[in-house]
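Everything numeric in this text was worked out from a predicted model, so none of it was measured.
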Amino acid sequence: MDTRYSANQKDFQRYNTDEIRNEFLIQDIFRADDVSVVYSHIDRIVVLGAMPVTGKINIEKNIDPWKNFGVHFFMERRELGIINIGGRGTVYADGTEYELANLNGLYLPMGTKNVEFASGDASAPAKFYMCSTPAHKPCPAKLITKDTCKVVKLGALATSNERTIYQFIHPDVLETCQLSMGCTALAEGSVWNTMPVHTHERRMEVYFYFDIKKDNVVFHYMGEPNETRHVVMHNEQAVLNPSWSIHSGCGTCNYTFIWSMAGENRAYDDQDWIKTEDLR
């Protein structure tokens, strides 16, 4: 398990490229028959990736619950959100099976003891992208599809940001303690996300970029509005964004990203907007 500690905005101003990438970028999220785990002290979110190929894999494969979290099992005091970006797969949670097609989501509550993953076809394995946050009570588990999530269309091709937002784990869809997750897909010809930019003092956010075409990248912008920096994102990489940081991106082609939030407030529009002319 990779542990990341909190970074403050004053130190961030002095970071070079390698330091920014080491602190905030998450690479190698999907490895065959393995589970990647990054534990961030920014609101204590855990970012995971599981890609089962030859058989079932357990979420605790690379986690020592007592050593890492002071609990008897990983989700003893945590909730979990899952979105499958690969082929058809199955999540086994305490004896219940959940079939997840591509871009299906699943919420599992605090207290879920055993979580395993499997793929329906080894030649097109499932890729389960996950985020977990501390929880204070169990909420009902729920499978969410693109037909049952909340869909919002924003932007326009004229401003290069025509996009569809799929709100999977969201207050209008289901109850959680603090976790929110969703997916934003940019239309062909659009490359900008989250403009005008914003911060939200009451929560952090993780962006996971995927569906980036070969030989293309996304430039992810972060930092305080008057001290912006960028991180070059390749396909299937994630970036941690503290509450003091903007989080926006521009690609060399259209792409899709999963956003995950943790913190005090679950309201999707709880944002502090920044005027574009004020960015530096």
Side-chain angles (χ1 to χ4, degrees), residues 1-4 25-40 45-65 67-69 73-75 78-108 112-132 141-146 166 168-169 179 181-183 185 206-218 233-240 255-260:
M1 188 179 78
D2 180 8
T3 301
R4 309 283 182 93
L25 179 65
I26 303 175
Q27 306 180 76
D28 301 321
I29 292 176
F30 297 114
R31 303 185 295 260
D33 291 320
D34 204 2
V35 180
S36 65
V37 188
V38 174
Y39 177 32
S40 172
I45 196 166
V46 180
V47 180
L48 310 98
M51 188 173 73
V53 178
T54 61
K56 288 183 182 179
I57 50 175
N58 193 285
I59 196 171
E60 294 185 359
K61 180 175 181 179
N62 294 314
I63 295 174
D64 182 331
K67 178 182 178 181
N68 298 144
F69 300 100
F73 55 95
F74 174 59
M75 292 183 61
R78 285 184 162 271
E79 57 189 354
L80 180 71
I82 305 170
I83 297 177
N84 178 21
I85 69 160
R88 181 175 54 85
T90 305
V91 179
Y92 303 86
D94 286 349
T96 301
E97 297 183 17
Y98 300 93
E99 297 289 332
L100 271 69
N102 181 262
L103 290 187
N104 281 185
L106 176 65
Y107 171 79
L108 294 177
T112 306
K113 290 185 177 181
N114 190 60
V115 181
E116 293 180 307
F117 309 97
S119 291
D121 182 354
S123 65
K127 294 181 177 180
F128 298 105
Y129 174 75
M130 298 171 277
C131 285
S132 173
K142 186 170 183 177
L143 177 69
I144 314 107
T145 69
K146 290 178 71 174
Y166 301 94
F168 286 93
I169 299 175
L179 179 65
M181 289 182 73
C183 179
V206 184
Y207 273 16
F208 168 71
Y209 290 95
F210 66 106
D211 283 349
I212 301 175
K213 299 177 181 67
K214 185 179 180 181
D215 299 326
N216 285 269
V217 297
V218 174
M233 308 292 299
H234 295 271
N235 193 39
E236 298 182 355
Q237 294 182 344
V239 59
L240 301 164
Y255 52 89
T256 309
F257 68 98
I258 293 172
W259 42 267
S260 306

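The pair D34-R31 counts as a salt bridge, with a side-chain nitrogen and a carboxylate oxygen less than 4.0 angstrom apart. A salt bridge links R4 to D2: one of the charged nitrogens lies within less than 4.0 Å of a carboxylate oxygen.
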Practice item. Evaluate side-chain contact (heavy atoms from CB on, under 4.5 Å) for Y129 paired with M181, printing each intermediate quantity in order. Key: CA-CA 11 Å; Y129 174 75; M181 289 182 73; 4.1 Å; yes
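Distance alone, capped at 3.5 Å, places no donor-acceptor pair between the D211 side chain and the T256 backbone. Of the possible polar contacts, one joining the S132 side chain to the E79 backbone as a donor-acceptor pair under 3.5 Å is found.
Below 30°, between 30° and 60°, or above 60°: for Y207 and F257 the angle between ring planes is between 30° and 60°, a tilted geometry.
Using a 4.5 Å heavy-atom cutoff, the side chains of F117 and I82 are in contact. Using a 4.5 Å heavy-atom cutoff, the side chains of F69 and I63 are in contact. Contact check for F210 versus Q237: no side-chain heavy atoms found under the 4.5 Å cut-off.
Nearest heavy-atom pair, I169 versus L179, reported as atom, atom and distance to 0.1 Å: CG2-O, 3.5 Å.
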Side-chain donor-acceptor distances from residues 48-61 under 3.5 Å, at least two apart:
residue: T54; atom: OG1; partner: D33; partner atom: OD1; Å: 3.4
residue: T54; atom: OG1; partner: D33; partner atom: OD2; Å: 2.9
residue: N58; atom: OD1; partner: E60; partner atom: N; Å: 2.8
residue: N58; atom: ND2; partner: N114; partner atom: OD1; Å: 2.9
residue: E60; atom: OE2; partner: F74; partner atom: N; Å: 2.8
residue: K61; atom: NZ; partner: D33; partner atom: O; Å: 2.6

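Applying the ring-ring contact (aromatic ring centres under 6.0 Å, His included) criterion to F168, with sequence neighbours excluded, gives no partner residue.
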